[in-house]
**Student:** 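Pasting a structure here, questions to come.
Numbered from 1 within each chain, the chains take letters A, B, ... in sequence-line order.
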Amino acid sequence: MKRELEKNYNPKVIEDRIYKNWLDKKYFSAKIDKSKKPFTIVIPPPNITGQLHMGHALNATIQDILIRTKRMQGFPTLWLPGTDHAAIATEARIVDKMAQEGITKEDLGREKFLERAWAWKDEYGGIITEQFKKLGSSCDWDRERFTMDEGLSAAVLEVFIRLYEKGYIYKGERLVNWCPYCETAISDAEVDHEEKQGHFWHLKYKIDGEDEYLEFATTRPETLLGDTAIAVNPNDERYQKYIGKTVTVPIVNRQIPIIADNYVEMDFGTGVVKITPAHDPNDFEVGKRHNLDIINIMNNDGTLNENAGSYQGLDRYEARKKIIEEFKEMGLFTQAREISHSVGTHERCKKTVEPLIKEQWFVSMSEMAKPALDALYNGEVRFVPERFSKIYSHWLENIQDWCISRQIWWGHRIPAYYCEDCGHITVKLEAPSACEKCNSVKIYQDEDTLDTWFSSALWPFSTLGWPNKTEDLEYFFPTNVLVTGQDIIFFWVVRMVFSSIENMGEVPFKDVLINGTVRDSQGRKMSKSLDNGIDPLDIIAEYGTDALRLSLILGNAAGADQRVSFEKIESSRNFINKIWNATRFAMMNFEDSEITANLNDLMPQDKWILSKANTLIKEVTQNIENYELGVAVQKIYDFAWDEFCDWYIEMIKPRLYNKDDKTRNAALFTLKETLTIILKLLHPYIPFVTEEIFLTIQEKEETIVLSEFPKFSEELVFSQEEADIELIKSAIKSIRNLRAEMNVLPSKKVNMTIVCEDEKLGDVFKAGISFLQTLGYANEILIQNDNVGINKDDVAIIVSGAVIYMPFSELVDIEKEILRLEKEIENLKKEVSRVENKLENEGFTAKAPQKLIDEEKAKGEKYKAMLLETEKQLEKLRK
RNA sequence: GGGCGUUUAGCUCAGCUGGGAGAGCGCCUGCCUUACAAGCAGGAUGUCACAGGUUCAAGUCCUGUAAUGCCCACCA
């Protein structure tokens with residue numbers, strides 16, 4: 001009935017089969033149990049345009065570890081998956097595809113375009129979800145949501161209307177960040193400031209009625225066509241006399257005033273600034289203060305409009321060149337300096353953003369920012385690591401109103417309806433049949449859609465059914481932890497918090513766990529342009545999902561960047577294979593009959609490993625609770641490989657091979673028990689191989705997914721056995737060390753005599769005889785309390801409380817042996833003096849905890865005894 | 001201009017609330033020991049960036065310095 005396992009673990013055939021079974025059996029499906037506290041995570045929804053990358057893999061792995069642990073610990077667990085419609089990114093993708101067919105959006109019209117968009121979504125939108133499944137993600141896929149599905153759209157409209165009615169959403173003419181490529185407004189957060197090489201053009205305007213000129217500098221000369229003033233600092237003595245006079249802007253021949261404003265810095269440049277309220281945020285503010293005209297010179301596509309006179313129709317960069325030429329011809333050009341300055345670019349398309357006056361919808365932030373800040377200050381929301389809360393608070397403290405309207409079609413259309421006759425705006429769920437104000441039936445809906453983040457801001461509650469009062473919402477909200485990257489703290493985390501407080505009356509999650517950026521082996525960000533990305537799907541195909549997950553999380557600390565390399569993936573794969581082979585070994589020894597044991601049958605080594613496993617459980621549970629996932633798995637790794645495989649399994653081999661051994665069953669029991677603990681602790685990290693093995697070694701349970709996570713047990717603390725076995729281990733290590741130094745082959749076994757005055761200690765060695773024989777390469781072992789029968793030339797190994805003699809006299813180079821002992825003595829002396837110094841220090845004995853002092857004292861005794869013994873041995877050799 | 005990281009073995013990185021420096025990979029030596037050569041046994045390698053300070057005790061806390069990286073910010 002037991003299956004033969006292959007020699008090496010082969011994930012390929014296993015993973016898909018297992019995942020399918022998990023889905024079929026609905027193990028990930030969240031069940032409401034009001035007698036228990038739930039544990040909930042909502043996934044950061046990937047874009048439907050997305051391709052799985054290492055960032056997703058790390059993010060999903062962390063969430064899955066937390067979810068799987070909690071599920072095994074018995075919490076009703078929900079990991080809610082879904083995708084984001086990614087407004088601009090998706091629309092761009094579809095427009096590009098249409099362009100290949102020679103079609104534009106306008107050719108199709110809004111309705112037809114949206115049909116195509118939905119078709120695109122149906123075809124490609126599920127790819128990313130399928131890829132998340134390849135990661136082993138234990139999401140409740142029956143609850144999968146999409147930001148533009150019916151329910152979430154209803155939530156979006158509901159919030160828009162509520163905020164509008166509250167006066168928080170308003171429509172206004174403002175300077176917005178305009179992307180001439182995407183032809184839409186974007187929010188401040190979507191603008192990246194990139195340092196670029198450019199020119200600082202020095203130009204001048206002639207002062208009207210004077211023979212004087214005002215020289216100014218600009219990086220965007222074309223905007224001067226929209227200048228409506230020129231400004232100096234009121235305290236600038238150089239220019240005071242000109243304040244109130246006018247200059248004429250050439251080309252457009254506009255007379256504009258010379259004004260005084262503190263915004264102008266006297267020391268910077270020439271101390272003169274041209275003011276273009278329609279195309280610069282600062283100038284816009286200056287314009288407001290001085291009641292200046294606002295002249296927009298730009299079309300939506302970045303070409304200049306009718307206000308640009310003869311430049312109409314030219315692209316802004318063309319116009320820039322021509323203007324400089326023209327100023328040169330007019331003698332109004334003085335110099336051009338190379339400078340590096342930051343240029344706003346659209347984070348999606350990387351094209352330069354133009355500040356432009358547009359009528360847009362905004363969310364007023366001042367009121368909603370406050371409670372979101374308070375939530376951080378009073379601990380309702382906590383960042384892990386804590387330092388990331390600064391990004392959150394800094395953003396909220398300096399928050400600007402949020403531009404939420406986008407001039408694209410793919411997204412939630414703004415539920416604002418205009419009356420063609422009286423201009424009245426109605427904001428309602430359904431289109432009104434007639435104007436509320438004048439009863440006109442000429443009603444049309446706002447063309448704009450909402451910022452993607454407006455809908456994702458509602459994600460933690462809209463996905464659970466809000467605005468309906470669903471059972472899910474009632475039970476699973478608020479969620480427990482949000483796992484995300486630091487790059488979207490202000491895009492998303494902040495907005496979820498204030499939206500949730502506003503609409504739900506409480507924060508959407510307690511903890512925000514920040515995962516770092518995944519980098520390549522040289523520490524560079526993985527990117528398409530560098531072509532340095534490692535595709536997680538390639539890794540999965542070659543090494544398996546478990547190896548990928550393990551290499552992402554081993555040694556990973558919260559918030560810290562993580563490099564991936566093939567070396568690390570290979571070593572993770574090797575560890576998985578190690579566990580696989582430990583199982584093969586176990587399976588060779590398990591029999592069909594039930595393995596049982598009670599604690600009385602256990603040998604010291606059994607108690608030793610069970611006790612260590614017990615401690616491991618305690619620490620790992622605590623580490624996971626603290627989000628120290630990398631530390632936790634490192635501990636399991638070390639325990640499984642070093643203690644369990646390299647020591648425990650080796651120690652019990654003689655008992656397993658001897659079918660008559662009365663303790664054989666206890667060994668089998670402990671073997672199975674410990675292996676099971678390891679599997680369960682590892683399962684959240686490497687779900688597939690652990691499931692496969694778990695099903696192989698036992699028949700009672702149908703899956704490890706729903707098995708009980710190991711719990712620490714007071715009954716399994718065996719301090720004495722732990723100490724005893726550790727002593728034997730250190731003796732064996734010393735023996736191996738000596739033999740290696742003397743180049744003795746393992747095949748050469750020797751008789752040993754252990755001299756040990758302490759009777760109890762003698763018993764410990766007696767119990768360890770079989771280990772010394774198999775692991776220490778011994779034949780006969782005598783244990784005695786005196787030196788009777790010891791050959792003077794025998795090599796002596798000093799361990800704490802005993803001396804082990806081995807008949808290597810014929811192999812021993814006396815000189816070398818003397819050197820070895822001398823070195824040993826030197827080391828011991830160092831230890832003794834270190835301890836003595838510490839104990840002689842009154843500060844230490846007075847202030848250090850008693851436990852530590854006792855430990856030091858014990859060590860001192862031990863080392864002194866060993867030192868004495870070593871010196872005795874040296875004396876003997878010298879005689 | 002502000003803010004936040006990082007600096008620990010040749011490389012990549014752990015090291016929680018201060019109590020004798022760790023892992024993986026790589027390197028050296030020896031092993032096909034009936035779970036595993038994707039393995040076993042043994043070994044070498046660190047002024048924990050630097051300088052001060054607090055403390056009985058500092059990789060860990062405080063101050064400063066230097067390299068390096070990221071984020072924010074309207075210097076025309």
Side-chain angles (χ1 to χ4, degrees), chain A residues 5 7-9 193 200 216-220 223 231 263-265 267-276 280-286 341-342 344 355 385 387-388 390-391 394-395 398 486-487 489-490 516-517 521-523 525 543 551 554-557 559-565 567-568 570-589 619 622-623 626 628 630-631 634 637-638 645-646 649-650 653 657 733 736-741 743-747 774-775 777 831 834-835 838 841-849 851-853 855-856 859:
Chain A
L5 296 181
K7 191 170 175 186
N8 283 332
Y9 175 59
H193 292 274
F200 211 23
F216 58 90
T218 177
T219 53
R220 292 181 298 156
T223 61
Y263 156 65
V264 182
E265 284 179 43
D267 307 335
F268 189 82
T270 59
V272 180
V273 183
K274 64 190 266 317
I275 302 297
T276 323
D280 182 278
N282 293 309
D283 294 7
F284 182 77
E285 293 304 316
V286 175
H341 62 144
S342 85
R387 65 173 184 274
F388 289 101
K390 282 217 169 177
I391 296 181
H394 184 255
W395 176 260
N398 298 287
Q486 59 156 312
D487 51 333
I489 289 176
F490 46 80
T517 309
S521 58
Q522 291 160 61
K525 222 170 180 171
Y543 297 93
S551 60
L554 252 177
N556 179 269
D561 286 356
Q562 178 78 1
R563 295 187 197 200
V564 287
S565 61
E567 290 80 1
K568 191 161 181 194
E570 271 181 21
S571 75
S572 301
R573 186 263 324 257
N574 293 353
F575 172 72
I576 290 163
N577 195 50
K578 184 77 183 174
I579 299 297
W580 179 259
N581 273 292
T583 309
R584 282 182 67 216
F585 172 79
M587 292 301 295
M588 288 167 61
N589 294 283
E619 291 182 5
Q622 190 57 53
N623 284 136
N626 296 343
E628 293 155 357
V631 175
Q634 183 70 251
Y637 182 107
D638 291 342
C645 290
D646 290 346
I649 287 183
E650 293 305 324
K653 275 181 179 172
Y657 292 159
K733 280 185 187 172
R736 285 172 174 173
N737 182 325
L738 184 77
R739 292 175 61 111
E741 264 180 42
N743 295 320
V744 184
L745 288 180
S747 53
T774 53
L775 309 180
Y777 318 104
E831 291 301 328
R834 188 191 61 77
V835 173
K838 222 169 185 181
N841 181 339
E842 280 176 29
F844 178 76
T845 47
K847 292 184 179 174
K851 192 183 159 209
L852 198 71
I853 297 171
E855 276 171 20
E856 289 296 327
K859 280 182 208 164

**Student:** Has A:K390 got a side-chain N or O lying under 4.0 Å from the OP1 or OP2 atom of B:G3?
**Tutor:** no

**Student:** Please tell me if the side chains of A:E650 and A:T774 come closer than 4.5 Å, counting only heavy atoms from C-beta onward.
**Tutor:** no

**Student:** Check whether the side chain of A:E650 and the base of B:A35 form a donor-acceptor pair under 3.5 Å.
**Tutor:**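 Checked by distance alone, the answer is yes.
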
**Student:** Checking all strands, does A:K851 fall into the base, sugar-phosphate, or nothing category for heavy-atom contacts under 4.0 angstrom?
**Tutor:** nothing

**Student:** Give the nucleotide from the list B:C72, B:A14, B:A35 with an atom nearest to the side chain of A:K578.
**Tutor:**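 Of the options given, the side chain of A:K578 lies nearest B:A35.
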
**Student:** Need one value for A:A846: base, sugar-phosphate or nothing, where a base atom within 4.0 Å counts as base even if backbone is also close, heavy atoms only.
**Tutor:**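 The residue A:A846 makes no contact with any strand.
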
**Student:** Check nucleotides 42-47 of chain B against the protein and report each pair of N or O atoms closer than 3.5 Å, with its distance, or say if there are none.
**Tutor:**
unit_1	atom_1	unit_2	atom_2	d
B:G43	OP1	A:N737	ND2	2.9

**Student:** What is the distance from CG of A:N589 to P of B:A35, rounded to the nearest Å?
**Tutor:** 8 Å

**Student:** Between B:G26 and B:U45, how far apart are the two C1' atoms, rounded to whole Å?
**Tutor:** 12 Å

**Student:** Looking across every strand, which nucleic acid part, if any, lies under 4.0 Å from A:F388 by heavy atom: base, sugar-phosphate, or nothing?
**Tutor:**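 Nothing, no nucleic acid heavy atom in range.
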
**Student:** Just call it for A:G555: base, sugar-phosphate, or nothing, with non-hydrogen atoms closer than 4.0 Å on any strand.
**Tutor:** sugar-phosphate

**Student:** Would you check if A:V631 and A:E619 make a side-chain contact, meaning some heavy-atom pair closer than 4.5 Å?
**Tutor:**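 A side-chain contact is absent here, since even the closest heavy-atom pair is not under 4.5 Å.
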
**Student:** Please tell me if A:R563 has a side-chain N or O lying less than 4.0 Å from either OP1 or OP2 of B:U12.
**Tutor:** yes

**Student:** Please confirm whether the shortest side-chain N or O distance from A:K7 to OP1 or OP2 of B:A37 is below 4.0 Å.
**Tutor:**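 A:K7 to B:A37 OP1/OP2: side-chain N or O found under 4.0 Å.
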
**Student:** Between B:A41, B:A76, B:A35, which one does the side chain of A:D646 approach most closely?
**Tutor:** B:A41

**Student:** Could you check whether the rings of A:Y657 and A:F585 sit parallel, tilted or perpendicular, using 30° and 60° as the cut-offs?
**Tutor:** perpendicular

**Student:** Would you tabulate the pairs of protein nitrogen or oxygen atoms and nucleotide nitrogen or oxygen atoms of nucleotides 23-28 of chain B closer than 3.5 angstrom?
**Tutor:**
unit_1	atom_1	unit_2	atom_2	d
B:A23	O2'	A:Q634	OE1	3.4
B:G24	O2'	A:S571	OG	3.1

**Student:** Across the strands shown, which category fits A:N8 at heavy-atom distances under 4.0 angstrom: base, sugar-phosphate, nothing?
**Tutor:**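 Base contact - A:N8 has a heavy atom under 4.0 Å of at least one base atom.
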
**Student:** Regarding A:R573, tell me which of base, sugar-phosphate or nothing describes its non-hydrogen contacts under 4.0 Å with the strands shown.
**Tutor:** base

**Student:** Within the 4.0 Å heavy-atom criterion, would you say A:F216 contacts the bases, only the backbone, or no part of the nucleic acid?
**Tutor:**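 No contact at all - A:F216 keeps every heavy atom at 4.0 Å or more from the nucleic acid.
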
**Student:** Summarise how protein sits on nucleotides 58-64 of chain B as a single string, 5' to 3': B when a protein heavy atom is under 4.0 Å from the base, S for sugar-phosphate-only contact, - for no contact.
**Tutor:** -------

**Student:** Given side chains that start at C-beta, do those of A:I489 and A:W395 come closer than 4.5 Å, heavy atoms only?
**Tutor:** no

**Student:** So what does A:P849 hit on the nucleic acid, given a heavy-atom distance under 4.0 Å: a base, only sugar-phosphate, or nothing?
**Tutor:** base

**Student:** Of the nucleotides B:G39, B:C31, B:A41, which has the atom closest to the A:P746 side chain?
**Tutor:**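 Shortest atom-to-atom distance from the side chain points to B:C31.
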
**Student:** Send over the distance from A:I489 CD1 to B:C71 P, rounded to a whole Å.
**Tutor:** 13 Å

